Structure formats: C-alpha cells, structure tokens
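Bear in mind that the values here come from a model prediction, so they are computed numbers and not experimental data. Residue numbers run from 1 in the order of the sequence given.
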Amino acid sequence: MKPEQEEINKCIEVLENGGLILYPTDTVWGIGCDATNEKAVEKVYQLKQRNDSKALICLVANDAMLEKHVEKVSDLAYDIIDLSTKPTTIIFDNPRGVAKNLIAADNTLAIRVASDKFCKYMIGKFKKPIVSTSANISGQSTPKSFQNIDSAILKGVDYVVNLHREKQNSSASSIIRLANDGTVKIIRD
C-alpha cells in the first residue's frame, strides 16, 4: 500500500471514532474532524481555546458533496470555485447535514471544495465533510510550516499525518460570503 493510502486509512479510522487529525490542506496545516459529529467539533473548539460562536471552515471533496450540505449552490458559486486561482472558501446560507455547533449564528457555513489531492481522496473516501481550521491556538499566528505548530496542538490531536511536513505553506484561503439573494462580499482576500 502506498504511504498516502495508509495515511488516508489512518485518518478515516480516527475521524470515524470522533477523533481529531492534524493534516496538510490546500492552504495551511489544519486541525480536522468529522463535520457531522457535534462532540468532535466541540473538541476542536476546546483544543484551539476558541469560542464556538466563531465558525469553522468545512472541506468537501467535490461539487456533489457541496450540494448535499448546502440548501442552494448558485451558478456564481460554481464560477468562483472554477475560476479561482487560489483556494477559495465560500460562506453559504442554510447549511444542512452538519453538526449544529459548526453552523454560525446567522445560519451560514464556510465551505471549500478541496483542491489538494490528499484532502480530496481522504474526504471522498470518508464520504462526509471534514472541519478544516488552522493548526494554532486561537489568537496566535497561523503556522506557515509543520515545524511552527505549537506542541499543545500536536499533543491535542489523535493523529498527525506523516506527509508533506517539509512543505512551506503560503497563506490561508480567500473567503467570500455568497448570500442566497445574490449578495457577494469578500471577507478575506
């Protein structure tokens, strides 16, 4: 079995048991869990020492998974996903089928269709969206590489992916708020 397959299988085992993983995403190293498991999402908030009123980002493997977890995906959303030159997270109205404590107070959820091969395969095989939040304690700066991740985070997760640890990460994703009424607002460029 290839190293990537082994890592994916280990991640899925941890995710299925409500655990937390530390994994390389299409942007920065992320803390992840099953986005449909409320207890797992709560563990992420505790590890990051973050108030759960601050919403987390969710990753999906493809458009079909996106459509399953959002009431309405507009043509504009697909255009943004297809035309973006860097990973772009979109905040959608009326998410569904995810943990309640993942949904923001205004009934929105930030979702990104993963572009990273490892993430796409892992989420596709898991068959559910996963949380993706930067691997740092709330209020601290986002680590640009695996070596910069705080030991509290490393100790606080159930599994650390053993791939791409040498990779330097550029930056977090762009975030765009796309309301069902067609309103577009750039939150983070």
Side-chain angles (χ1 to χ4, degrees), residues 8 11-12 14-21 23 25-28 30-48 50-134 138 171-189:
I8 287 169
C11 286
I12 288 171
V14 170
L15 294 168
E16 284 174 345
N17 289 305
L20 306 186
I21 61 170
Y23 66 110
T25 73
D26 43 7
T27 56
V28 295
I31 300 167
C33 73
D34 176 351
T36 68
N37 181 331
E38 220 165 305
K39 284 191 173 102
V41 171
E42 183 53 42
K43 286 183 198 172
V44 173
Y45 286 121
Q46 287 171 352
L47 178 58
K48 285 186 66 88
R50 185 171 174 171
N51 183 326
D52 70 6
S53 66
K54 280 191 141 187
L56 300 170
I57 290 173
C58 216
L59 289 182
V60 294
N62 50 43
D63 293 349
M65 192 179 282
L66 174 64
E67 289 167 8
K68 184 178 172 186
H69 293 283
V70 175
E71 184 183 84
K72 179 180 161 221
V73 183
S74 67
D75 289 342
L76 180 57
Y78 288 119
D79 288 345
I80 291 168
I81 293 165
D82 293 340
L83 301 172
S84 292
T85 53
K86 72 181 227 179
T88 300
T89 302
I90 299 176
I91 301 172
F92 290 97
D93 287 335
N94 308 322
R96 57 184 179 205
V98 295
K100 282 191 209 73
N101 55 347
L102 196 57
I103 300 170
D106 62 354
N107 197 30
T108 60
L109 179 61
I111 303 178
R112 183 165 77 247
V113 177
S115 57
D116 174 78
K117 192 173 113 181
F118 174 77
C119 287
K120 265 180 137 43
Y121 283 137
M122 176 178 59
I123 300 163
K125 194 168 180 185
F126 184 52
K127 296 184 174 59
K128 291 190 249 180
I130 65 171
V131 164
S132 178
T133 182
S134 56
S138 196
S171 59
S173 67
S174 298
I175 300 179
I176 297 173
R177 167 87 172 89
L178 199 56
N180 279 351
D181 65 6
T183 311
V184 178
K185 183 178 176 193
I186 295 174
I187 308 292
R188 182 171 72 198
D189 195 17

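Within the 4.5 Å cutoff, side-chain heavy atoms of D93 are placed close to those of R177. Counting heavy atoms from C-beta outward, S74 and L178 have side chains that approach closer than 4.5 Å. Looking at heavy atoms from C-beta onward, C33 lies out of side-chain contact with I130 at the 4.5 angstrom threshold. In this structure, the side chains of M122 and I21 come closer than 4.5 Å at one or more pairs of heavy atoms. Between I176 and V184 the shortest side-chain heavy-atom distance falls below 4.5 Å.
Considering every non-hydrogen atom in both T25 and G30, the closest pair reads CG2-N, 4.1 Å. Nearest approach of E71 to R96, heavy atoms of both residues: CA-NH1, 3.7 Å. Residues M65 and P129 approach most closely at SD-N, 3.8 Å, considering heavy atoms. In terms of heavy-atom proximity, T89 sits nearest to A110 at CG2-CB, 3.7 Å. Residues I90 and A77 share a closest heavy-atom pair of CD1-O, 3.8 Å. Nearest heavy-atom pair, V131 versus Y23, reported as atom, atom and distance to 0.1 Å: O-OH, 3.0 Å.
Shown here is D79, whose CG atom has more than 12 heavy atoms of other residues, nucleotides or ligands within 6.0 Å. Counting heavy-atom neighbours within 6.0 Å of Y121 OH, excluding the residue itself, gives a total of 12 or less. Within 6.0 Å of NZ in K39 there are 12 or fewer heavy atoms belonging to other residues, nucleotides or ligands. Within a 6.0 Å sphere centred on CG of L83, heavy atoms belonging to other residues, nucleotides or ligands number more than 12. The environment of NZ in K120 is crowded: more than 12 heavy-atom neighbours from other residues, nucleotides or ligands sit within 6.0 Å. At most 12 non-hydrogen atoms from other residues, nucleotides or ligands lie less than 6.0 angstrom from CG of D75.
For the atom pair OG1 (T36) and CZ (F126), the distance works out to 6.0 Å, reported to the nearest 0.5 Å. Taking CG of N62 as the reference point, atom CD of E67 lies at 9.0 Å (rounded to 0.5 Å). From N94, atom CG reaches atom OG1 of T108 across 9.5 Å, with rounding to the nearest 0.5 Å. The structure places CD1 of I81 at 11.0 Å from OG of S115, a figure rounded to the nearest 0.5 Å. Interatomic distance, I123 CD1 to F118 CZ, rounded to the nearest 0.5 Å: 9.5 Å. Between atom CZ of residue F92 and atom CD1 of residue I103 there is a gap of 14.0 Å, rounded to the nearest 0.5 Å.
D181 contributes a side-chain N or O that, together with a main-chain N or O of T183, makes up a donor-acceptor pair within less than 3.5 Å. With hydrogens and angles ignored, the 3.5 Å screen pairs no side-chain donor or acceptor of K125 with any backbone N or O of I8. In terms of modelled atom types and a separation under 3.5 Å, the side chain of K43 and the main chain of G18 share a donor-acceptor contact. Panel note: side chain K48, backbone S134; a donor-acceptor pair is recorded below 3.5 Å. Remark: the backbone N or O of K86 is paired with a side-chain donor or acceptor of T88 at under 3.5 angstrom.
Between the side chains of T27 and S173, not a single donor N or O lies within less than 3.5 Å of an accepting N or O.
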I would like to know whether V70 and L109 meet side chain to side chain contact (heavy atoms under 4.5 Å, CB included); could you show each step before the answer? CA-CA 9 Å; V70 175; L109 179 61; over 6 Å; no
Using the side chain to side chain contact (heavy atoms under 4.5 Å, CB included) rule, take K68 and V60 through it: C-alpha gap first, then chi angles, then the decisive distance, then the call. CA-CA 10 Å; K68 184 178 172 186; V60 294; over 6 Å; no
Evaluate side chain to side chain contact (heavy atoms under 4.5 Å, CB included) for L56 paired with R50, printing each intermediate quantity in order. CA-CA 10 Å; L56 300 170; R50 185 171 174 171; 3.6 Å; yes
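The pair D34-K127 does not meet the salt-bridge criterion, since no charged nitrogen lies less than 4.0 angstrom from a carboxylate oxygen.
Checked against T133 for a side chain to side chain contact (heavy atoms under 4.5 Å, CB included), the options V41, L47, I57, I31 give a single hit: I31.
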